[in-house]
Amino acid sequence: MDAKTPDPKSPDLNSGTLAVGDKSWSFPVLHGSIGPSVLDISKLYGQTGMFTYDPGFTSTAACESKITYIDGDEGVLLYRGYPIEQLAMNGDFLETCYLLLYGELPTPAQKTDFDYRVTRHTMVHEQMARFYQGFRRDAHPMAVMVGCVGALSAFYHDSIDISDPHQRMVASIRMIAKMPTIAAMAYKYTIGQPFIYPKNDLDYSSNFLRMCFAVPAEDYKVNPILAKAMDRIFILHADHEQNASTSTVRLAGSSGANPFACIAAGIACLWGPAHGGANEAALKMLGEIGHVSRIPEYIKRAKDKNDPFRLMGFGHRVYKNYDPRAKIMQQTCHEVLRELGIKHDPLLDVAMELERIALSDDYFIEKKLYPNIDFYSGITLKAMGFSTSMFTVLFALARTVGWIAQWKEMIEDPQQKIGRPRQIYSGAPRRDYVAIAKRR
Ligand code: SDX
């Protein structure tokens, strides 16, 4: 990895000084290609005997990466330097997967080869199908995903040696290829329908829609508009810098755990309503609001410090401007509703009015709360026929390539070491054991 220190002609930008009491220490400043510089404090504890304290990592760069860049103030998202808007409107999801994994857009030959390799890994070991039988039919599909993806290392022993570059790439291809199959099987299992095998003559997103919505009793024709919308939704969700689930995958991978186990950890973290679970929570919230006349009541609750209610699908740790993905998500939402002939969706009415009111409300303006990617995705996915409980599964399916790319980058970083944060301790100082007979 090669974060650069600035031009020696400007020495004042090469280091920072920390002073505590009558002591001071100097630390190097590292500059990336774009975005904020970092104060390299890796030697701080050794020099000062102190730790930094940053719960939630609001000001902490945990790693150096070349994969994704976000400018939260400008509402910019770049995958390997390419704006998300351009990738989402011009390419397909497997092109984005190639870009995130290898760092460059594929040539036509590279794209054909990559598509071929992914397509021919879409089936799962037949024994996996029996693994699903252990779940209750009403299990949340995310519970099934965590279990089944974590179990993959029990089936694919030839791609878990993380020190072997070939095995790392085979595991990466397998994860990208098999997630749609595993996700579709989780969906079919929870609705009591038979699993549908992948078909190699379909593109990635068409294959996924067919595995979800086809039944053996009749032919199924994939709607190309919906397949394109699905593919674009996958692109929007593919990676997002060091978010909570990606950081989970990196931390799990830093111990040398196999890639399937690391991805399962990422799925578990993504499930939370503050993260990937927000798309399911946002649709439930819109349903609970029910009508535009009730929006003021919920806006009031969202602003009440004593009320834990938050507007799901609003706000973001990094974006203090409109999430660029949300704009494309909203456009895709309208395209899908139009294609499906849904002239009027009450939830969309509530969402559009809620967005209008929130964006003109001082509280949301002052706290820079804008709709994020999860605000419109739920309406779109519901219209496409997915149950609400499948929304975060689709997020996990798409984010798998980002998790894998970030995991691979970490494993291949020569400076990589096990992640092991410290703490500030405020518990009881040392004290001696008291026999129970002497306790009052
Ligand atoms: C994703 O990190 C990523 O990149 C994630 C993601 C990705 O692609 O991986 O982009 C995907 O997770 C998108 C976010 C989905 N989550 C939601 O939509 C849930 C609702 N949003 C909030 O929970 C919240 O905005 C977070 C969790 C997203 C961000 O939380 P932060 O950055 O920790 O901000 P905060 O909770 O400290 O809030 C700052 C202030 C607070 O008020 P004060 O304490 O300063 O007075 O803003 C308020 C919060 O109360 N606030 C909200 C709010 N979000 C923040 N108030 C009402 N409604 C909200 N949605």
Side-chain angles (χ1 to χ4, degrees), residues 54-62 65 67-73 75-79 84 88 96 100 142 233-250 266-286 289 295 297-329 351 354-355 357-359 361-379 391-392 394-403 405-406:
D54 182 17
F57 309 120
T58 53
S59 303
T60 294
S65 179
I67 298 173
T68 292
Y69 176 73
I70 303 172
D71 182 331
D73 294 328
V76 168
L77 170 58
L78 308 177
Y79 288 167
I84 189 67
T96 289
L100 290 170
M142 280 298 277
I233 290 168
F234 289 159
I235 293 173
L236 294 178
H237 288 81
D239 192 49
H240 212 240
E241 204 217 61
Q242 304 311 318
N243 58 83
S245 55
T246 297
S247 300
T248 300
V249 171
R250 278 180 171 261
I267 294 172
C269 176
L270 185 76
W271 196 358
H275 190 12
N279 51 20
E280 178 176 354
L283 197 83
K284 282 183 180 156
M285 175 193 74
L286 293 172
I289 294 173
I295 289 175
E297 169 198 336
Y298 282 84
I299 294 270
K300 185 164 178 285
R301 285 189 57 196
K303 292 156 66 171
D304 179 355
K305 300 272 329 140
N306 301 316
D307 187 331
F309 173 77
R310 291 206 166 160
L311 286 186
M312 302 314 282
F314 260 80
H316 199 276
R317 169 61 57 79
V318 178
Y319 289 123
K320 301 308 173 190
N321 195 326
Y322 214 99
D323 181 339
R325 303 168 298 176
K327 284 192 185 109
I328 303 168
M329 199 67 244
L354 177 59
E355 177 184 359
I357 295 175
L359 295 187
D361 183 292
D362 289 344
Y363 173 90
F364 293 91
I365 294 169
E366 178 218 318
K367 294 186 185 299
K368 299 183 178 179
L369 302 175
Y370 291 86
N372 58 50
I373 189 165
D374 296 306
F375 190 63
Y376 286 103
S377 57
I379 299 167
F391 294 177
T392 310
L394 301 179
F395 195 147
L397 187 168
R399 185 54 58 87
T400 293
V401 63
W403 290 330
Q406 299 270 352

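First listed ligand is number 1; within each ligand, the first listed atom is number 1.
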Check if L311 has a non-hydrogen atom at a distance under 4.0 Å from any atom of ligand 1.
-> yes

Say whether, by atom type as modelled, one donor and one acceptor occur between the side chain of Y363 and the main chain of I299 under 3.5 angstrom.
-> no

Does R325 reach ligand 1, in the sense of a heavy atom lying below 4.0 Å from it?
-> yes

Atom 17 (C) of ligand 1: which of A278, C269, G72, A302 has the nearest heavy atom?
-> A278

For D374 and ligand 1, does the shortest N/O to N/O distance drop below 3.5 Å?
-> no

Does some non-hydrogen atom of the protein lie less than 4.0 angstrom from atom 34 (O) of ligand 1?
-> no

Residue and atom name of the nearest protein heavy atom (relative to atom 21 (N) of ligand 1), distance in Å to one decimal | F314 O, 2.8 Å

With atoms numbered from 1 as shown, which atoms in ligand 1 lie under 4.0 angstrom from a non-hydrogen atom of G313?
-> 17 (C), 18 (O)

Atom indices of ligand 1 within 4.0 angstrom of A274 heavy atoms, with elements = 12 (O), 14 (C), 15 (C), 16 (N), 27 (C)

Going by heavy-atom distance to atom 10 (O) of ligand 1, choose the closest among E241, R310, Q242, H316.
-> H316

Distance below 4.0 Å between atom 56 (N) of ligand 1 and any protein heavy atom?
-> yes

Are Y319 and H240 close enough, and set up right, to give a ring pair (Phe, Tyr, Trp, His ring centres under 6.0 Å), and what steps lead you there?
-> CA-CA 11 Å; Y319 289 123; H240 212 240; 5.2 Å; yes

Ignoring hydrogens and angles, tell me if any N or O in the side chain of N372 forms a donor-acceptor pair with the backbone of G315 under 3.5 Å.
-> yes

Determine, considering heavy atoms only, which of M312, K305, R399, K368 sits nearest to atom 46 (O) of ligand 1.
-> K305

Using protein heavy atoms only, decide if any is under 4.0 Å from atom 26 (C) of ligand 1.
-> no

Options H237, E366, R317, ranked by nearest heavy atom to atom 32 (O) of ligand 1, top entry = R317

Is atom 30 (O) of ligand 1 less than 4.0 angstrom from at least one protein heavy atom?
-> no

Does F375 reach ligand 1, in the sense of a heavy atom lying below 4.0 Å from it?
-> no

Shortest protein heavy-atom distance from atom 51 (N) of ligand 1, along with the residue and atom involved | L369 CD1, 3.7 Å

Which of these, H275, K320, K367, has its nearest heavy atom closest to atom 11 (C) of ligand 1?
-> H275

Verify the neighbour count for atom CZ of F309: are there more than 12 heavy atoms of other residues, nucleotides or ligands below 6.0 Å?
-> yes

Ion pair E297/R301, N-O distance below 4.0 Å = no

